[in-house]
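Scroll down for the structure; my scribbles are underneath it.
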Number of protein chains: 2
Amino acid sequence: MLKISKKTDYALMALQHIASVQFGDVTPGRVINTKEIAEEYHIPLELLAKVLQALSKSGLIESHNGPKGGYLLARSAEQITIAQILESIEGPLGLTDCSHEKDGEFCMQREHCNIRTPLLKVQDSIYQLLNSMTLHNMMGGTPLITIQSPSVQGVDR
Amino acid sequence: MLKISKKTDYALMALQHIASVQFGDVTPGRVINTKEIAEEYHIPLELLAKVLQALSKSGLIESHNGPKGGYLLARSAEQITIAQILESIEGPLGLTDCSHEKDGEFCMQREHCNIRTPLLKVQDSIYQLLNSMTLHNMMGGTPLITIQSPSVQGVDR
DNA sequence: GTCTACTCCGATCAAAGTAATCGGAGATCA
DNA sequence: TGATCTCCGATTACTTTGATCGGAGTAGAC
């Protein structure tokens, strides 16, 4: 399935919203609070709060306490990539467990494994894709983005 | 995380093994049974059986009953892509649930959703990547594959 | 200075998906 | 006919994810 979790969905929606308000034309620089986002997109408030906490902890957004408080992007929308958002919520991304094995851990199949190398290449390619797309790309107008279809070349093609 | 399940791991290993025996130099055309693969790669026998059943059901391999029975690729290794294998085991792949909504189903966030379009593009790109890599590419020699880094272009880049 | 509204954080519970197991039926070949 | 294999459905345990709760700390309003 390769699905991303709902939390990640919520994170993407929230960040997109924050970015579009913060850098929009109507009320630029306005601070956004959790409740506003939750109501706008029909997301459970408490769960969204946890998601925003995680984003804040990993430095993508900064929080402001007290009344009239809320969240702001910690850096510009151009400097926030989808890969960063994903990793903030779901941890290091990888198709396989063996792609981030620590010392001592060991995959039983490892020494006989015939698919590790090609999978790592695919994984790397997906990572580059996610890392080349920024929050800013996701915002605004209709054409949004154009993706060149990536290609994989076999040894004898 | 974007992880693939262990079942899919097993499927990839099994298919790679079958392909390399079936089209290898030592015993070309030999039929491979479940036990052989399970022992070779230390996979639980019963679980692997289920995986192979699924692959057989979706037409990637064909089964031969009785003694000396086992599995063979249903078509050549060049014609089996990673995307097909993944979908056989995990069902239709998609980053988001809303990418394969049936009639009647409905995502609460849908009409306010600001990330649907860009996510579908990313998803499409990943799909093309997985679909362009075949079982044959995964076999054999060391260089295996070369992946051109995919690029995403924003509206104003 | 107190009160209120908000973020922050840890702990917990329920639901869903995945991994693994079991038992038996049917097919093929010796 | 019997042994060996695939096939298939049902079931159990486990891990991850989704969602909820309660309380602590902080900044601004009065």
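So that the names make sense, note that chain A is the first sequence line, chain B the second, and so on, each numbered from 1. Side chains included, hydrogens not; waters and symmetry mates left out as well; all remaining heavy atoms used.
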Worksheet entry | Transitive ILVMFWY side-chain link Tyr127(A) to Ile82(B), under 4.5 Å | yes
Item to complete: Not counting sequence neighbours, which residues clear salt bridge (Lys or Arg N to Asp or Glu O under 4.0 Å) with Glu36(A)? List them please.
Response: Arg30(A)
Worksheet item: Out of dT6(D), dT17(D), dT21(C), which has the shortest distance to the side chain of Tyr71(B)?
Response: dT6(D)
Item to complete: To the nearest Å, give me how far apart NZ (Lys7(A)) and C1' (dG17(C)) are.
Response: 15 Å
Item to complete: Is it possible for you to say whether Met133(A) and Leu93(A) belong to one hydrophobic cluster, with membership spreading through side-chain heavy-atom contacts below 4.5 Å?
Response: yes
Worksheet entry | Spacing of Glu90(B) atom CD relative to dA19(C) atom P, expressed in whole Å | 8 Å
Worksheet entry | Ser125(A) side chain vs Lys121(A) backbone, donor-acceptor pair below 3.5 Å | no
Worksheet item: Who pairs with Thr8(A) by side chain to side chain donor-acceptor pair (under 3.5 Å), at least two apart in sequence or on another chain?
Response: Ser5(A), Glu90(A)
Practice prompt. Would you indicate whether the side-chain heavy atoms of Leu2(A) and Leu130(B) approach each other to under 4.5 Å?
Written response: yes
Worksheet entry | Separation of dT16(D) P from Leu2(B) CG (nearest whole Å) | 16 Å
Pairs under 3.5 angstrom only: tabulate donor-acceptor contacts from the side chains of residues 19-26 of chain B to other protein residues two or more places apart or in another chain.
from, atom 1, to, atom 2, distance (Å)
Ser20(B), OG, Gln16(B), O, 3.3
Ser20(B), OG, His17(B), O, 3.0
Gln22(B), OE1, Leu73(B), N, 2.9

Worksheet item: Distance check: side-chain N/O of Thr34(A) vs OP1/OP2 of dT7(C), anything under 4.0 Å?
Response: yes
Worksheet item: Does Tyr10(A) place a side-chain N or O at less than 4.0 Å from the phosphate oxygens OP1/OP2 of dA19(D)?
Response: yes
Worksheet entry | Letter per nucleotide, 5' to 3', of nucleotides 11-16 of chain C [B base touched, S only sugar-phosphate touched, - untouched; heavy atoms, 4.0 Å] | B-----
Fill in: Protein-nucleotide distance (Gln53(B), atom CD; dG9(D), atom P), rounded to Å
9 Å
Discussion item. Expressed as a whole number of angstroms, how long is the span from Glu36(A):CD to dC6(C):P?
Written reply: 12 Å
Item to complete: Please determine if a side-chain N or O atom of Ser56(B) lies less than 4.0 Å away from the OP1 or OP2 oxygen of dT6(D).
Response: no
Give each protein N/O atom lying under 3.5 Å from an N/O atom of nucleotides 26-30 of chain C, with the pair distance.
from, atom 1, to, atom 2, distance (Å)
dA27(C), O4', Asn65(B), ND2, 3.3

Worksheet entry | Given dT6(D), dA19(C), dC6(C), the nucleotide with the shortest approach to the side chain of Asn33(A) | dC6(C)
Worksheet item: Between dA19(D), dT21(C), dT6(D), which one does the side chain of Lys6(A) approach most closely?
Response: dA19(D)
Worksheet item: Rounded to whole angstroms, how far apart are CG on Leu52(B) and C1' on dC5(D)?
Response: 13 Å
Worksheet item: Is there a donor-acceptor pair closer than 3.5 Å between any side-chain N or O of Ser88(A) and the backbone N or O of Gln84(A)?
Response: yes
Discussion item. Which Ile, Leu, Val, Met, Phe, Trp or Tyr residues join Val31(A) in one cluster when any pair of side-chain heavy atoms under 4.5 Å counts as a link?
Written reply: Leu72(A)
Discussion item. Output the rounded distance in Å from NZ (Lys35(B)) to C1' (dA3(D)).
Written reply: 13 Å
Worksheet, complete the sentence: Between Gly70(A) and Glu46(B), whichever has its closest DNA chain C nucleotide further toward 5' is Gly70(A)
Item to complete: Take Ile4(A) and Lys57(B), find for each the nucleotide of DNA chain D with the closest heavy atom, and name the residue whose nucleotide sits nearer the 5' end.
Response: Lys57(B)
